[in-house]
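Shown next, in structure tokens, is the structure this report addresses.
This is a predicted model, so every value here is computed, not measured.
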Amino acid sequence: MSAPVPTPGGIRIGILGVNFGWGPHAALETIISEIRRTAPGYCRVVAFGSEYGRSLMDDVVDEWCAFDGSDYEALTRAAAAQHLDVALVTLEGFAARAFEAAGVRTVFVDLMPFLWHGADLAVPPLDVSHYLALRLPGLNQGTLDWMGGIRNLRWIGAVVPWQPLDTTRHTHGYAEGNRRAIVTLGGMLGLTTRDTTSYPSLVLPGAVEALLETGFESILIAANTPREDLDAIVAPYRERAEFRFGPLSRTEYRTRIAQSALCLSQPGLMSLLEASSCGTPLIRLPPQNVSGFQQAEIHRIATGAHTGVSWPTEVVDEAVVAQKAAQTEAAGNDYVYGAIAEGLCRHPDATRRSVKTQLERLIPECLALPADAWTGLVDKVGTDGAKVTAEVVLDTARAGVAN
């Protein structure tokens, strides 16, 4: 096979997202879609690794290249062989350095600048060609201090899809008879976990019971949990509501959030931002990882909505999460994953009752809040992330071609 050559009149973009949930890959899909929507010439997109996001990104990727997640020297060689004009990386700092080592100007998108501290400060690539960080409320001074060392820092808004104004929040709310709810659990795969069943098995029974008790008749569950497992979880409730399951395409996911009277969300940042950009009332389900605790607090600060469901302390102790996470994110995540699995074995009924009781109180409180509360997160963060990143990627690629 002959080596790839630069595309005449176009650009070659390498992309990579860290294999942690769906957020990094949803962001890549959104940015590449914006690039394809606005670029004057042809773009060829080559994805490296990013296996968790393949179902989300297949429509915007032209070629997939293997990356085992650890051999960064091999990634540098592979990137060099592709004759890329620019690279776009979400949250994988070592990969961003590998692209730069191949001579590829790289745009690094940091969706979670609050995450890095202690030993994890080795991850952010401070000398990357362009470092774009999400403009989040409540960043502490420690985060702002280390970010002072970034060479080319630019703050951006939420990376959410471009939509005409009339496509957001286009259905009636609960008070007007809308009885549709979406439960979004995100992509539950992590760097050290492949378990997509324990969290929904522990949380969904109480959530579904509360939705039924408060009058919801159509429930969509968006997750990468096998359908047969979700079927088994909701089987006792089948006669009381219509159930549908994901995962969903990016377009359908956003549409379904906008059409729902209520969103229950495991507090993944991209899900919180997309719900906020649609103006959909949202209740935060118990977090399933370290970043989820921090993202839930960011959402609370931005919206003023105290609509969060807490874990029973005997299942997940938030004080222990903070203690473990102070060492490294991985240590905190290992504790949370283990606690959820153990909670499913030892405390399923107590967790179901706790989640149900909290939600039966929170649902009416949530639906009574003013509509502008729910856009509070994107009002503070902004929605220009995809547009700005697309512009930076294209400008960086053109500068490289010109040289």
Side-chain angles (χ1 to χ4, degrees), residues 10-18 20-48 50 53 56-57 59-62 79 84-93 95-97 99-100 104-115 123-136 139 147 150-163 250-251 254 268-274 276-277 377-378 380-401:
I11 59 172
R12 295 178 64 86
I13 306 173
I15 65 173
L16 186 149
V18 68
F20 192 99
W22 277 336
H25 309 106
L28 285 174
E29 190 276 345
T30 300
I31 296 163
I32 295 299
S33 294
E34 179 69 7
I35 288 173
R36 291 198 185 282
R37 190 179 74 84
T38 58
Y42 178 71
C43 300
R44 182 165 182 83
V45 177
V46 182
F48 296 79
S50 311
L56 300 181
M57 300 195 298
D59 289 344
V60 297
V61 171
D62 299 299
L84 302 170
D85 297 304
V86 64
L88 171 65
V89 177
T90 49
L91 284 176
E92 226 291 17
R97 294 184 182 92
F99 282 112
E100 292 276 357
V104 181
R105 292 179 175 87
T106 301
V107 179
F108 180 75
V109 181
D110 191 345
L111 302 169
M112 301 178 181
F114 57 82
L115 200 60
V123 176
L126 305 186
D127 292 323
V128 74
S129 293
H130 295 279
Y131 195 118
L132 308 185
L134 202 57
R135 187 189 305 113
L136 293 170
L139 294 179
M147 294 186 79
I150 298 172
R151 180 165 63 91
N152 268 329
L153 173 64
R154 182 169 178 176
W155 294 97
I156 62 171
V159 181
V160 292
W162 177 89
Q163 294 285 336
R250 294 283 289 125
T251 300
R254 182 178 175 85
L269 188 58
M270 294 300 289
S271 295
L272 297 175
L273 287 166
E274 293 215 20
S276 183
S277 71
L377 183 56
V378 292
K380 290 181 174 60
V381 174
T383 58
D384 65 351
K387 177 178 181 293
V388 170
T389 306
E391 291 171 352
V392 171
V393 169
L394 290 171
D395 288 347
T396 303
R398 291 177 188 127
V401 171

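We find the CG-CE distance between Asp59 and Met57 to be 11.5 Å, quoted to the nearest 0.5 Å. Interatomic distance, Thr106 OG1 to Ile15 CD1, rounded to the nearest 0.5 Å: 13.0 Å. To the nearest 0.5 Å, atom CD1 of residue Ile156 and atom CG of residue Leu132 are 5.0 Å apart. Taking NZ of Lys387 as the start and OG1 of Thr38 as the end, the distance is 9.0 Å to the nearest 0.5 Å. The CG atom of Leu394 sits 6.0 Å away from the SG atom of Cys43 when rounded to the nearest 0.5 Å. Residue Ile13 holds its CD1 atom at 11.0 Å from CG of Leu28, rounded to the nearest 0.5 Å.
With sequence neighbours left out, the side chain to side chain contact (heavy atoms under 4.5 Å, CB included) criterion links Pro24 to Val18, Thr90, Leu91. Remark: Asp62 pairs with Arg36 by the side-chain hydrogen bond (donor to acceptor under 3.5 Å, both in side chains) rule, at least two apart or across chains. Checked against salt bridge (Lys or Arg N to Asp or Glu O under 4.0 Å), Arg250 has the following partners two or more places apart in sequence or in another chain: Glu29, Glu274.
Annotation: side chain of Val381 is in contact with side chain of Leu136 (closest heavy-atom distance under 4.5 Å). Put simply, the side chain of Leu84 reaches to within 4.5 Å of the side chain of Phe48, judged on heavy atoms. In this structure, Val45 and Ile35 have side chains that are not in contact, with every pair of non-hydrogen atoms separated by 4.5 Å or more. At least one side-chain heavy atom of Ser277 sits less than 4.5 Å from a side-chain heavy atom of Arg254. Using a 4.5 Å heavy-atom threshold, the side chains of Ser271 and Trp22 count as separate.
In terms of modelled atom types and a separation under 3.5 Å, the side chain of Arg44 and the main chain of Val61 share no donor-acceptor contact. Proximity of a side-chain donor or acceptor of Arg135 to a complementary backbone N or O of Arg154 within less than 3.5 Å is not detected. For the pair Thr30 (side chain) and Ala386 (backbone), a donor-acceptor distance under 3.5 Å is absent. In terms of modelled atom types and a separation under 3.5 Å, the side chain of Asp85 and the main chain of Arg12 share a donor-acceptor contact.
Counting all heavy atoms, side chain and backbone alike, Glu34 lies closest to Ala390 at CG-CB, 3.7 Å. Shortest non-hydrogen contact noted between Leu273 and Ala158 is CD2-CB, 3.7 Å. Residues Val128 and Glu100 come closest through the heavy atom pair CG2-OE2, 3.5 Å. The two residues Ala96 and Pro125 make their nearest non-hydrogen contact at CB-CG, 3.9 Å. Contact record, Leu153 with Ala133: CD1-CB, 3.9 Å, taken as the closest heavy-atom pair. The two residues Asn152 and Ser129 have their closest heavy-atom pair at ND2-O, 2.9 Å.
Residue Leu88 forms a side-chain contact (heavy atoms from CB on, under 4.5 Å) with just one option from Val109, Thr396, Leu16, and that option is Val109.
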